[in-house]
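Everything on this sheet refers to the single structure shown next.
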Amino acid sequence: MTPLVEIKNLKLDFLAGDRALRAVDDVSLTINAGETVCLVGESGCGKSVTALSIARLVPAPPASYAGGEILVNGRDVLKMSRTELRDIRGGVVSYVFQDPGASLNPVFRIGNQIKESLKLHRPEKATDDEVIRLLKLVGIPAPESRIRDYPHQMSGGMQQRVMIAMALASEPRLLVADEPTTALDVTIQAQILELLLDLKQRLGMSILLITHNLGIVGDMADRVAVMYAGQVVELAPALDLLRRPLHPYTKALMNSVPKLSGGLERLIAIPGTVPSLGNFPPGCRFAPRCPVAKPECSRAVPGLLEVEPGRWVRCPFWKETQTVGSAGGE
């Protein structure tokens, strides 16, 4: 079966004067129909840029798509015309971002903003009745009256539900949720994630969820891709990755998550910081922060290897992570 989205060896640069700074380097990822894939990693590792590239939303310039393919329904987005891209954006792939207050226009009523999305993709449905139906779908109470509200009259959770309604107005096959719960309190976060799962089941769509919160991966994802410094360093089924991470970076991420069980133990922080664009170390980019790094790690760039069926790791010494502590858990 052809994947809904297939990213093949994507390379994306940002131009800074006469320099080309590589932000996404040889990333490959597939998203199948009805599947939820989580993209995780620290801030600045390339998660959002990779996701925006699916609909070619990273402006070029300053970006430059330097190589690879992005196949949506089997067609390469990087070769599409502007008219073809308009059909993909919203019609096939819709986005929900982390700050709804910044995405909604403060001077227009929310009903009119949802109706604008309908006019672009389903003009025959650009009616108050359809807007009300969408607001009901995302769990907004009394939508008949809330349709006339301005964004400032709604809480952060309600604003995010409006953003999801706008994304669903075009009936996309893939919903990209870029850290959709970051600005919300814990209770509202749980409600939004539960809503996304419910919508996925009811509408049969796929979800690409971008997050740095490993705590939600087990409940949301079918598969997980872990990114570091512009590269995918581990790709695996969600439960397999959580129970037994193979890459040293994945293991370090999981060790840094607070645990409710056990005694009062100091959190294990990852030493150092993610390298900035243009300052990646030679060889393995995680080597300067890695507890099992060897001299050869700084000499050769590791490839992404399939070490078990469906499990890919960018580390030739991944077996040694299994003997340094324990990060997984049943």
Open item on the list: When you measure from the side chain of Arg311 to the backbone of Ala236, do you find a donor-acceptor pair of N or O atoms at a distance under 3.5 Å?
Closed with: no

Task: CD1-CG distance between Ile147 and Asp128, expressed to the nearest 0.5 angstrom - done: 4.0 Å

TODO: Take Cys297 and Phe317 through the test side-chain contact (heavy atoms from CB on, under 4.5 Å) and record every step on the way to the result.
DONE: CA-CA 9 Å; Cys297 293; Phe317 306 110; 3.6 Å; yes

Open item on the list: Please report the interatomic distance CG(Asp198) to CG(Leu193), rounded to the nearest 0.5 Å.
Closed with: 12.5 Å

TODO: Report yes or no: do Ile132 and Leu203 belong to one cluster of Ile/Leu/Val/Met/Phe/Trp/Tyr joined by side chain heavy-atom distances under 4.5 Å?
DONE: yes

Task: Closest non-hydrogen atom pair, Leu277 against Phe14 - done: CD1-CD1, 4.2 Å

Open item on the list: Quick check on the hydrophobic clustering: are Ile70 and Val49 connected, directly or via other members, by side-chain heavy-atom contacts under 4.5 Å?
Closed with: yes

TODO: Give a yes or no on whether the backbone of Glu84 and the side-chain of Arg75 come within a donor-acceptor separation of less than 3.5 Å.
DONE: no

TODO: State, to 0.1 Å, how close Ile140 and Arg146 come at their nearest heavy-atom pair, and which atoms those are.
DONE: CG2-CG, 4.0 Å

Open item on the list: When you compare the side chain of Pro248 with that of Cys315, does any pair of heavy atoms fall below 4.5 Å?
Closed with: yes

TODO: Could you check Glu171 against Lys125 for salt bridge (Lys or Arg N to Asp or Glu O under 4.0 Å), going step by step and ending with a plain yes or no?
DONE: CA-CA 11 Å; Glu171 297 185 337; Lys125 290 290 187 179; over 6 Å; no

Open item on the list: Quick check: do Gln153 and Met158 have side-chain heavy atoms less than 4.5 Å from each other?
Closed with: no

TODO: Indicate yes or no: at least one non-hydrogen side-chain atom of Thr250 is less than 4.5 angstrom from one of Leu241.
DONE: yes

- [ ] Can you establish whether the number of heavy atoms outside Lys200 located under 6.0 Å from its atom NZ is more than 12?
- [x] yes

Open item on the list: Before you tell me yes or no, could you show the steps for Leu199 and Leu175 under side-chain contact (heavy atoms from CB on, under 4.5 Å), namely the whole-Å CA-CA distance, both residues' side-chain angles and the distance that decides it to 0.1 Å?
Closed with: CA-CA 10 Å; Leu199 290 171; Leu175 181 68; 5.8 Å; no

Open item on the list: Looking at every heavy atom in both Ala165 and Leu135, which two are closest together, and how far apart are they?
Closed with: CB-CD2, 4.4 Å

Task: Derivation and outcome, side-chain contact (heavy atoms from CB on, under 4.5 Å), residues Leu134 and Glu130 - done: CA-CA 6 Å; Leu134 288 167; Glu130 179 64 8; 4.1 Å; yes

- [ ] Mind checking the CZ-CZ spacing from Arg56 to Arg82? Nearest 0.5 Å is all I need.
- [x] 8.0 Å

Task: Main-chain N/O of Thr36 paired with Ser206 side-chain donor or acceptor, under 3.5 Å - done: no

Task: Leu78 side chain near Glu69 side chain, heavy-atom distance below 4.5 Å - done: no

Task: Closest non-hydrogen atom pair between Pro275 and Arg285, with its separation - done: CG-O, 4.4 Å

- [ ] Just do the side-chain contact (heavy atoms from CB on, under 4.5 Å) check on Ser53 and Leu10 with the steps written out, would you?
- [x] CA-CA 9 Å; Ser53 297; Leu10 178 65; 3.9 Å; yes

Task: Reported NZ-to-CD distance for the pair Lys251 and Glu234, which is rounded to 0.5 angstrom - done: 11.0 Å

Open item on the list: Any carboxylate oxygen within less than 4.0 angstrom of a Lys/Arg side-chain nitrogen, looking at Asp178 and Lys47?
Closed with: no

Task: Arg133 atom CZ, neighbour heavy-atom count above 12 within 6.0 Å - done: yes

Open item on the list: Check for me, please, whether Ile270 and Met227 land in the same ILVMFWY cluster - side-chain distances under 4.5 Å, paths through other members count.
Closed with: no

Task: Main-chain N/O of Ala169 paired to Arg122 side chain as donor or acceptor, under 3.5 Å - done: yes

- [ ] Give me the ring orientation class for Phe97 and Tyr95: parallel if the planes are under 30° apart, tilted from 30 to 60°, perpendicular past 60°.
- [x] parallel

Task: Student check: side-chain heavy atoms of Leu4 and Asn73 closer than 4.5 Å - done: yes

TODO: Look only at the side chain of Arg223 and the backbone of Thr30, and say whether a donor-acceptor pair between them is shorter than 3.5 Å.
DONE: yes

TODO: Give a yes or no on this: more than 12 heavy atoms of other residues, nucleotides or ligands lie within 6.0 Å of atom CD of Glu194.
DONE: no

Open item on the list: When you compare the side chain of Glu42 with that of Tyr249, does any pair of heavy atoms fall below 4.5 Å?
Closed with: yes

Open item on the list: Within the 4.5 Å heavy-atom criterion, are Cys38 and Leu209 side-chain neighbours or not?
Closed with: yes

Task: Leu104 backbone acceptor or donor facing Gln113 side chain under 3.5 Å - done: no

Task: CG on Leu174 to CG on Asn32, rounded to 0.5 Å - done: 11.5 Å

Task: Leu120 side chain near Arg86 side chain, heavy-atom distance below 4.5 Å - done: no

Task: Least distance between heavy atoms, Met163 atom then Pro100 atom - done: CG-CB, 3.7 Å

Task: Single-linkage hydrophobic cluster Met166~Ile192, side-chain heavy atoms < 4.5 angstrom - done: yes

Task: Check: Lys136 side chain, Pro143 main-chain N or O, donor-acceptor pair, under 3.5 Å - done: no

TODO: Using the rule that two of Ile, Leu, Val, Met, Phe, Trp, Tyr join whenever any of their side-chain heavy atoms come within less than 4.5 Å, decide whether Ile54 and Leu235 are in one cluster.
DONE: yes

Task: Atom pair OG/CZ of Ser155 and Arg161 - distance to nearest 0.5 Å - done: 8.5 Å

Open item on the list: Between Gln159 (side chain only) and Pro151 (backbone N and O only), is there a donor and an acceptor less than 3.5 Å apart?
Closed with: yes

Open item on the list: Is the ring pair His247/Phe286 parallel, tilted or perpendicular, if the boundaries are 30 and 60 degrees?
Closed with: tilted

Open item on the list: When you measure from the side chain of Asp13 to the backbone of Leu15, do you find a donor-acceptor pair of N or O atoms at a distance under 3.5 Å?
Closed with: no

TODO: Walk me through it: do Lys11 and Asp26 pass the test salt bridge (Lys or Arg N to Asp or Glu O under 4.0 Å)?
DONE: CA-CA 5 Å; Lys11 298 178 177 66; Asp26 199 31; 3.7 Å; yes

Task: Least distance between heavy atoms, Ala55 atom then Val77 atom - done: C-CG1, 4.2 Å

- [ ] Please answer whether the main-chain N or O of Gly272 pairs with a side-chain N or O of Arg289 as donor and acceptor at a distance below 3.5 Å.
- [x] yes

